Visitor: 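To start, I am sharing the structure in question, which I have written as structure tokens.
Being a predicted model, the structure only gives us computed values, none of them experimental.
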Amino acid sequence: MEEIKVMVADASHEKYVDTILKTIADAAKVRGTGIAKRTHEYLATKIKEAKAVIALSGDRFAGFSYIETWGNKTYVTTSGLIVHPAFRHLGLAKRIKDLTFTLARTRWPHAKIFSLTSGAAVMTMNTQLGYQPVTFADLTDDEAFWRGCEGCINVDVLKRTGRKYCICTAMLYDPEEHLPAKLPADVLERIHKIDHSK
């Protein structure tokens, strides 16, 4: 098997979008779980905006994930993590997740990063990266994000509970929680005044 390269996608990778969409849909059917449906144009845009990670073995599609910002870039989601069946059980999902997380942290270092998942493997990877399970109320209130759930087979659960619960587990990485020590608000305010008085 040829080496599998994991990289931030660019315009040359748009040719894989239909394969990505089919792989995601097939995996959801096999698992019997819901998944937010995305269009060809949506994923192609993520690729063009350097908001996607792709894995290739030579010219063969091996895996994918993308990121999106919400709530005026105060929240970021890592979504659509998929590994083609021919490349599973090789640690590829972790490599993709790690690069997607790094991309999100680099581009929006102060944003909270969240993930909705029904998969145990993704929950494990999220936990290793520092995500914590949270309630849906801790996630973005951006209506555009929640409209993405409309294509999921479990959307009725989400609607019935007033967006408080669903089949997925909500997980959140808060960069503020990962600072070595927290400074009190009054100290931060004092530092801000000092820095801006110079």
Side-chain angles (χ1 to χ4, degrees), residues 8-9 17 20-21 24 28 33-54 64-82 96-119 122-123 125-180 182-185 188-189 191-192 195-196:
V8 176
V17 169
I20 294 164
L21 290 169
I24 290 171
T33 58
I35 193 155
K37 288 190 171 70
R38 299 297 182 215
T39 64
H40 180 101
E41 185 55 38
Y42 185 86
L43 289 190
T45 300
K46 297 295 145 230
I47 289 170
K48 286 182 228 175
E49 293 175 341
K51 292 181 178 177
V53 170
I54 193 164
F64 181 80
S65 185
Y66 65 92
I67 58 179
E68 182 60 271
T69 59
W70 306 101
N72 200 24
K73 299 181 182 169
T74 57
Y75 288 90
V76 177
T77 50
T78 58
S79 302
L81 177 61
I82 190 70
I96 294 168
K97 183 74 174 180
D98 287 352
L99 186 55
T100 307
F101 183 76
T102 299
L103 181 61
R105 292 283 293 127
T106 301
R107 292 189 73 177
W108 301 282
H110 303 290
K112 294 178 180 181
I113 304 173
F114 70 97
S115 173
L116 290 178
T117 185
S118 57
V122 174
M123 286 183 220
M125 286 184 276
N126 286 346
T127 301
Q128 291 168 349
L129 290 168
Y131 288 72
Q132 298 290 321
V134 295
T135 67
F136 280 32
D138 293 314
L139 306 180
T140 183
D141 59 1
D142 192 319
E143 291 300 322
F145 169 77
W146 294 103
R147 277 194 299 275
C149 294
E150 292 292 325
C152 176
I153 61 171
N154 299 311
V155 71
D156 63 312
V157 177
L158 189 65
K159 287 181 177 179
R160 267 197 335 266
T161 64
R163 266 194 340 222
K164 292 181 182 164
Y165 310 101
C166 200
I167 302 301
C168 285
T169 296
M171 299 188 79
L172 182 74
Y173 175 90
D174 185 343
E176 295 298 316
E177 296 296 323
H178 291 272
L179 293 172
K182 288 203 179 236
L183 295 175
L188 291 172
E189 186 178 329
I191 291 169
H192 180 77
D195 288 348
H196 287 87

Visitor: State, without any angle test, whether Glu49 and Thr45 hold a side-chain donor-acceptor pair at a distance under 3.5 Å.
Guide: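 Thr45 and Glu49 do not have a side-chain donor-acceptor pair below 3.5 Å.
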
Visitor: Enter the distance from Met123:CE to Met171:CE here, rounded to the nearest 0.5 Å.
Guide: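 The CE atom of Met123 sits 7.5 Å away from the CE atom of Met171.
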
Visitor: Kindly compute the distance separating CG (Leu99) from CD1 (Ile54), expressed to the nearest 0.5 Å.
Guide: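 Leu99 CG to Ile54 CD1: 12.0 Å, rounded to 0.5 Å.
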
Visitor: Could you list the residues that satisfy side-chain hydrogen bond (donor to acceptor under 3.5 Å, both in side chains) with Asp156, not counting sequence neighbours?
Guide: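 Testing Asp156 for side-chain hydrogen bond (donor to acceptor under 3.5 Å, both in side chains), a comparison that skips the adjacent residues, returns Arg160.
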
Visitor: For Phe114 and Phe136: C-alpha separation, side-chain torsions, deciding distance, then whether ring-ring contact (aromatic ring centres under 6.0 Å, His included) applies.
Guide: CA-CA 10 Å; Phe114 70 97; Phe136 280 32; 9.4 Å; no

Visitor: Quick one: does Thr161's side chain have a donor or acceptor within less than 3.5 Å of a partner on Tyr165's backbone?
Guide: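 It does hold such a pair.
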
Visitor: Answer yes or no: is there a donor N or O on one side and an acceptor on the other, between the side chain of Ser65 and the main chain of Ser79, under 3.5 Å?
Guide: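 Yes, the answer is positive, given that a donor and an acceptor are paired below the 3.5 Å cut-off.
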
Visitor: Quick one: do Ile113 and Leu172 satisfy side-chain contact (heavy atoms from CB on, under 4.5 Å)? Show the steps, please.
Guide: CA-CA 6 Å; Ile113 304 173; Leu172 182 74; over 6 Å; no

Visitor: Roughly how far, to the nearest 0.5 Å, is OG1 of Thr77 from CH2 of Trp70?
Guide: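 Reported value, rounded in 0.5 Å steps: 6.0 Å.
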
Visitor: So, the side chain of Thr117 versus the backbone of Gly119: is there a donor-acceptor pair under 3.5 Å, distance only?
Guide: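 Indeed, once roles are kept as given, a pair shorter than 3.5 Å links the two residues.
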
Visitor: Can you tell me how far CZ of Arg105 sits from CG of Leu129, rounded to the nearest 0.5 angstrom?
Guide: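 Output value for this atom pair is 10.5 Å.
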
Visitor: Please round to the nearest 0.5 Å and tell me the distance separating atom NZ of Lys51 and atom CZ of Arg107.
Guide: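 Answer for the NZ-CZ pair, Lys51 versus Arg107, is 6.0 Å.
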
Visitor: Identify the residue among Ile67, Thr74, Leu103 that makes a side-chain contact (heavy atoms from CB on, under 4.5 Å) with Trp108.
Guide: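 Passing option: Ile67.
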
Visitor: Apply side-chain contact (heavy atoms from CB on, under 4.5 Å) to the pair Leu158 and Trp146, showing each step before the final yes or no.
Guide: CA-CA 9 Å; Leu158 189 65; Trp146 294 103; 3.8 Å; yes

Visitor: Please enumerate all residues that pass ring-ring contact (aromatic ring centres under 6.0 Å, His included) together with Phe101, with sequence neighbours excluded.
Guide: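 In terms of ring-ring contact (aromatic ring centres under 6.0 Å, His included), with neighbours along the sequence ignored, Phe101 is linked to Tyr131, Tyr173.
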
Visitor: Within this structure, what is the CG-OG1 distance for the pair Asp98 and Thr78, rounded to the nearest 0.5 Å?
Guide: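 Taking CG in Asp98 and OG1 in Thr78, the distance rounds to 11.0 Å.
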
Visitor: Any sub-3.5 Å donor-acceptor pair from Asp138's side-chain atoms to Thr135's backbone N or O?
Guide: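 A pair under 3.5 Å: yes.
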
Visitor: Side chain of Arg38, backbone of Tyr42: donor and acceptor closer than 3.5 Å?
Guide: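 Answer holds: no.
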
Visitor: Output yes when Arg163 and Glu143 qualify as a salt bridge under the 4.0 Å nitrogen-oxygen rule, no when they do not.
Guide: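 A salt bridge links Arg163 with Glu143.
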
Visitor: Would you please name every residue forming a side chain to side chain contact (heavy atoms under 4.5 Å, CB included) with Glu189, sequence neighbours left out?
Guide: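 Partners of Glu189 by the side chain to side chain contact (heavy atoms under 4.5 Å, CB included) criterion, ordered by chain and then number, come out as Lys193.
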
